[in-house]
Structures are given as structure tokens and as C-alpha cells.
Student: 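Handing you a structure now.
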Amino acid sequence: MTAEVRSTWDGTYTIEYEVEGTVEEIGAAITSIHGSYPTPGYGTWFNWPPGQLFTCGRAAGKPNTHLAPTDLGDGRWIARGHRSTSCD
């Protein structure tokens, strides 16, 4: 089985993603998205894996709740992220 990837365009410069599947399926889908839209060039970003903590700034060590993953049970998750459609 593979992850289900849903994306929506906000009408301006951002594509929002929801990736549903197991941890392994989501990891593979995110890797594929990053391979198509490089992180530095288009601001591709996912709040994944679950439990991710901020690594710097005032929030260092605190959970990142922005676009937080959702545990659906039975080993399935929804990961969220976005990418810019402009490199400006």
C-alpha cells in the first residue's frame, strides 16, 4: 500500500499537503515530494515525524504544533506540510 497524498493550492503561492498512511509510507511520500521540489528552492516543509521539537529560538525543546501530525490509530497517520510555488 502507498500513502495517499492530498494537496490544495491556496490561490497564491502555497500548496498545502496532507499525506495519509503508515510511518513508512508517509516517509517515502515526503521523500518523493522533496525529490520533486527541493527544500531550499521552494520552501518545501513537513511537520514530520510525530513529536518533532523546535531546535532553536525561544521555543527550543518545545513541541512543534503547527501543522502537527494526527494519529488515526491502527498505525496510520496524517502528516501535513507545504511548499511555495514561487522561489522569490
Student: Only counting residues at least two apart or in another chain, list the ones meeting side chain to side chain contact (heavy atoms under 4.5 Å, CB included) with T14.
Tutor: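 Counting only residues at least two positions away or on another chain, T14 forms a side chain to side chain contact (heavy atoms under 4.5 Å, CB included) with D10, E16, H82.
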Student: Please set out all donor-acceptor pairs under 3.5 angstrom arising from side-chain atoms of residues 55-68, sequence neighbours excluded.
Tutor:
from	atom 1	to	atom 2	distance (Å)
N64	OD1	H66	N	3.1

Student: Does E4 have any salt bridge (Lys or Arg N to Asp or Glu O under 4.0 Å) partners at least two apart in sequence or in another chain, and if so, which?
Tutor: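 Scan of E4 (salt bridge (Lys or Arg N to Asp or Glu O under 4.0 Å), adjacent residues dropped) gives R6.
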Student: Taking transitive links into account, so neighbours of neighbours count too, which hydrophobic residues share a cluster with L72 at under 4.5 Å side-chain distance?
Tutor: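 Direct or chained contacts put L72 with I78.
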Student: Does any non-hydrogen side-chain atom of F46 lie less than 4.5 Å from one of I33?
Tutor: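 A side-chain contact under 4.5 Å exists here.
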Student: Determine the minimum heavy-atom distance between P50 and P69, stating which atoms define it.
Tutor: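 Heavy-atom minimum between the residues: CA-CG, 3.9 Å.
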Student: Please name all residues satisfying side chain to side chain contact (heavy atoms under 4.5 Å, CB included) with D74, sequence neighbours left out, ordered by chain then number.
Tutor: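 In terms of side chain to side chain contact (heavy atoms under 4.5 Å, CB included), with neighbours along the sequence ignored, D74 is linked to no residue.
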Student: Not counting sequence neighbours, which residues clear side chain to side chain donor-acceptor pair (under 3.5 Å) with T31? List them please.
Tutor: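 Once residues adjacent in sequence are excluded, T31 has no partner under the side chain to side chain donor-acceptor pair (under 3.5 Å) criterion.
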Student: Strictly by salt bridge (charged side-chain N to carboxylate O under 4.0 Å, His left out), give each pair with a member in residues 23-35 just once, sequence neighbours left out.
Tutor: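 Non-adjacent pairs meeting salt bridge (charged side-chain N to carboxylate O under 4.0 Å, His left out): E25-R76.
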Student: Which residues pass the side chain to side chain donor-acceptor pair (under 3.5 Å) test with T70, not counting sequence neighbours?
Tutor: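 Side chain to side chain donor-acceptor pair (under 3.5 Å) list for T70, sorted by chain: R80.
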Student: Are any non-hydrogen side-chain atoms of V23 and P49 less than 4.5 angstrom apart?
Tutor: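 Counting from C-beta outward, V23 and P49 never come under 4.5 Å.
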Student: Hey, what do you get for OG (S7) to CD (E18), rounding to the nearest 0.5 Å?
Tutor: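 Those atoms lie 10.5 Å apart.
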Student: Does the side-chain contact (heavy atoms from CB on, under 4.5 Å) test come out yes or no for Y17 and T8, once each step is laid out?
Tutor: CA-CA 7 Å; Y17 287 98; T8 56; over 6 Å; no
Student: With clusters defined by side-chain heavy atoms of hydrophobic residues (ILVMFWY) lying less than 4.5 Å apart, directly or transitively, does L53 cluster with W77?
Tutor: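 In one cluster with W77: L53, no.
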Student: Just do the side-chain contact (heavy atoms from CB on, under 4.5 Å) check on W48 and I26 with the steps written out, would you?
Tutor: CA-CA 9 Å; W48 188 257; I26 290 172; 3.6 Å; yes
